[in-house]
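Here the structure is laid out as structure tokens; the discussion comes afterwards.
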Amino acid sequence: MSFLRLDSLHTTMVFDVNRAVPACCYWGPRLAADTPLAALQWQPVPPAVLDHPVGLNLLPETGRGWWGWPALSGCRGRFHWSNRFELSGCDASTNAIVFTLADAAAKLEIRLALDLDPDTGVLRQNCRLTNTGDDDYHLHWCAAAALPLPPDSDELLLYEGAWTKEFGLRRQPFPSGALVRDNCRGRTSHSRFPGVIAGQAGFDDRYGSVYGFHLGWSGNHRLVAEATSDGWRQVQLGELLMPGEMILAPGRSYTSPCAYACRAEGLNQLSQAWHRFLRKHILPAGVSRHPRPVQYNTWEAVYFDHRLQDLMALADRAADLGVERFVLDDGWFKGRRDDTRGLGDWEPDSGKFPDGLEPLISHVNRLGMSFGLWVEPEMVNPDSDLYRCHPDWVLHLDPLPRDTGRHQLVLDLARPEVSDYLFAALDGLLTAHPITYLKWDMNRDLTTAGHEGRAAYHSQVHALYGLVDRVRAAHPAVEIETCASGGGRVDFEILRRANRVWPSDSNDALERQVIQHGFSLFFPPEIMGCHVGPAVSHTTGRRLSLEFRGLTALAGHLGLELDLRELDAADVRMLKQIIAAYKDHRNLLHTGTFLRLNPSDKERLGWGVVGTDQREAVYGLFQLQTAAPGASPVVNLMGLIPGQRYRIARLLPIESGTAMFPIPEAPWAEEGLVATGQLLAEAGIAIPLRDPASGVLLKAVAV
Ligand code: GLA
């Protein structure tokens, strides 16, 4: 047998196993079951190179003559720095293959585990390396996956972000040589989300063959996209290891994080595959099963200034608006008057809460809302009882200075006593009070993360997963939000343990539109925390209408994060409409099929969510900037059944007309218009261009 295949609904991967190291020789649209595969086998040997074929396989190695980026690098002292593995075992089932390979000379064994989700076509792959020798092996790089791309993958879409500018996208030609993107910030990072998309030139939401890649890992990572001089293209993803961080003693193994990859036609199909895969295989079950409650978060209303009466007043107003969960953000614990002190001392501040959190929580619960609490367990301020007691509990590398970030240091979670302390603190809070939600924050990057002199990034991430898992096991009903200064820790591995993401600290709805657009390529709406922030954004100083802020926040898991005492009657009316629309449509918005609408450009963005039975859909269209000269008002409303008739009408805003130069509504905006799914998708409909920073939600219902 020389070929193995993995098939999903729309994708086939074929592996040639008649070689020393198996190669993925086809990854594309699904092939008929009886397709003869012999044509995939031939590997030409070009002139003036080695006399044997050196193609790209699942484990490109220098020892076999691969001149590109190798999948493994390491050494044993000064030796065994180049590898030549041979396939020694292969265990294939319908959807999964495990290849075992051995390098007898270097005394190493590798196990590559691949499985292709039959529904979505998402491939999950990881690699386990075992030292079968009798001395230490120093591992430098071990790709979770090294996967081939077709030669016409001429463009790359990469993430480039920063705090309050998360999930920014950059498109560029596929590089000649290797593009290596390293992240050594110790968390998934704001700047380099570990995801990339490669595709045919000009690919967009609807068209072009695209290949998406992601590494499920919340620590240091490396992504390589490489075109070799002899015509191969590959993407590698894996954990970035610090020098000396991974030394395998005899008999010991290293297991890489999981890499995920998927092929699709157009970006919409690709993100739909990721969304379905996350819903089915990664996210905690509750996320898809329970409606996402409307949240209120205290941060941009009161910051650290926690006073019981104010918080109760905010809770009263939140409940009146229809909020279902009240989240007390940073500022509640011992000594926390500002961000220079208190982290680590996880008990209520007796000055602010003389009777503890109970009076506030009871008040919130009496109003019919559940209660959530902000924590940042991995951190400690030097000005805290915890640090004064245990200065040795932080990651540090003597004699280098302990540099602070946001005035804080990072606890060394791999020390059992540290994780035990944190578990006890969290368990104590969750046991003592009906707290149903933790906003789990992490507000600084790691530097010189040492443990007894050695690099400890890898062990820190595993210890974090262990701690979250322990908390979840002890309190299975408690939901967890992953927040790392907003958006700094969002990846498939943390999402096994998180019910919600805080994607950005920016509540500026204009900036948020772009952030949410980038986020949507990999992640579904129901986990995307979206808050209606203050009228004047705290991160940009920009003033935006409540209508635009509200419509923008309806794209995800809705929340409010502003001082509700400042709202006037019209604001309250508007917020109630937004919340009511959210509650009426959240089931559709959070379980349906998400798509981005063409055109998406600097001036305009649009999205749609079509119900799983395609009887209903909601479309959001947003004018970000003044329309470009010559811009067409036509928008293609995709995703509906071509032959089905739908009535399409404006859902929000209910009252329109805040524009400086009012723009006539489409004649059908109030009454609705009937069209087929085919007409809506292919011809589109004209939707009047609006003022900058405005939006409209439309609803389509089958008639
Ligand atoms: C981070 C979070 C914010 C808020 C503050 C509190 O920046 O992203 O939402 O919780 O911390 O300090």
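We use all heavy atoms of the structure for the numbers below, so side chains are in, but hydrogens, waters and symmetry mates are not. Nothing fancy with the numbering, it's 1 onward along the sequence. Atoms within a ligand are numbered from 1 in the order they appear, just like the ligands themselves.
- The aromatic ring centres of Phe277 and Tyr260 sit less than 6.0 Å apart.
- At least one heavy atom of Lys439 sits less than 4.0 Å from an atom of ligand 1.
- In terms of modelled atom types and a separation under 3.5 Å, the side chain of Asp310 and the main chain of Arg307 share no donor-acceptor contact.
- Proximity of Arg406 to ligand 1 is established by a heavy-atom distance of less than 4.0 Å.
- Test Asp330, Asp441, Asn297 against Trp374 for side chain to side chain donor-acceptor pair (under 3.5 Å) and you get one pass: Asp441.
- In terms of N/O distances under 3.5 Å, ligand 1 is not approached by Phe304.
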Problem set entry | Derivation of the ring-ring contact (aromatic ring centres under 6.0 Å, His included) call for Phe523 and Phe193 | CA-CA 12 Å; Phe523 302 106; Phe193 167 71; 5.6 Å; yes
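- In the candidate list Tyr303, Trp502, Trp299, Trp299 is nearest to atom 5 (C) of ligand 1, counting heavy atoms.
- Centroid-to-centroid, the aromatic rings of Tyr582 and His590 come within less than 6.0 Å.
- For ligand 1 and Gly486, the ligand atoms under 4.0 Å from any heavy atom of the residue are 8 (O).
- Using a 4.0 Å cut-off between heavy atoms, Asn297 makes no contact with ligand 1 at all.
- When non-hydrogen atoms are compared, ligand 1 lies under 4.0 Å from neither the backbone nor the side chain of Asp339.
- For the pair Asn499 (side chain) and Glu479 (backbone), a donor-acceptor distance under 3.5 Å is absent.
- Evaluated by nearest non-hydrogen atom to atom 8 (O) of ligand 1, the leading choice among Asp505, Asn507, Thr298, Asn443 is Asp505.
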